[in-house]
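Each remark here refers to the structure printed beneath this line.
Remember, it's a predicted structure, so these values are computed and weren't measured experimentally. Counting starts at 1 for both ligands and their atoms, in listed order.
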Amino acid sequence: MSTAYFSHPECRLHDMGPGHPECPQRLDAITDHLRATGLDVALDLRDDAPPATLPQIERAHTARYVNELADLLQRLRDTGGQHAYDPDTIAGPATWAAVLRAAGAAVAATDAVLAGEVENAFCAVRPPGHHATRDQTMGFCFFNNVAVAARHALDVHGLKRVAIIDFDVHHGNGTEDIIAGDERVLMCSFFQHPLYPYSGAVPKGTNMVNVPVPPYTRGGELRELIDAMWMPRLEEFAPQMLFISAGFDAHREDELGQLGLVEADYEWITRRLLALAQRHAQGRIVSCLEGGYALSALARSVAAHLRVLAGV
Ligand SMILES: [Zn+2]
């Protein structure tokens, strides 16, 4: 058994302009670090993630939203130019291909794990997805990759219970919007509060375990909160598969948030989740990159996460 690493060169080409933190160099930093550390040889590298299909995406988004986004992004692809959904979320000619590959990687990773080809998988993709709601583009996100994959596992593969874990520094409001009330899913997250998108303090459903934490919370405190708040609910829920919204912007070197995590904390969290998956879910985990903008810290944190997933 092994760990698959899904990506696609088109995920790199989406570009929101000079100085934007959600930049192509994020993927370069991860790739370079995996090569420099030799961790790449321990992974089942799949740089050919297929594009998601529109029916797959419509398991998480409204058909109207998908069609409108497709129309606009295909027009940018064919004629050039940019469109700013908000000051931080900018589409360009390469965005359509990237959003399809990002969601498609998550779907393909789900298929590979459920087929038993690999024990778990990481999707090194961009744009990220967890702020994308059923019908709104926001916060660097277009399609909600993790929600698309979780619904694929439920609706296509027939799983009854899956968990979504979101450890990005920002609240995964988009995933909550899609998943709240879907009792087949338990979503556990922590996030800095208050911080963009300023939601999450009051959960939108009983299947949401939201843990808002103040700025400057450090890893030790977060570990205690995870053991107290997440783990009992996850053990009781007994998910058949885990999906991780793996954002690494809670790292203390990341300037988009003010939390104090370090690589050892990501390693610890991943160990907790891997053990949970091994108890309940045959080890099945699909983890998708969300945030993480301090390039060196991002690369080191992804490596810490991957070393646990791959058992090396
Ligand atoms: Zn984030």
Query - Lys/Arg N to Asp/Glu carboxylate O, D265 vs R218, below 4.0 Å - result: no
Report task. Could you tell me whether R126 and D15 make a salt bridge, using a distance below 4.0 angstrom between a side-chain N and a carboxylate O? Result -> no
Query raised in the report: Considering only N, O or S atoms, which atom of D249 is nearest to the Zn ion (ligand 1)?
Result: OD2
Query raised in the report: What N/O/S atom of D168 gets nearest to the Zn ion (ligand 1)?
Result: OD1
Query - Partner of H305 under ring pair (Phe, Tyr, Trp, His ring centres under 6.0 Å), chosen from F122, Y266, W268 - result: F122
Query raised in the report: For V125, does its backbone N or O pair with a side-chain atom of S7 as donor and acceptor, under 3.5 Å?
Result: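 Side chain of S7 to backbone of V125: no pair is present.
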Report task. State whether H170 contributes an N/O/S atom found under 2.8 Å from the Zn ion (ligand 1). Result -> yes
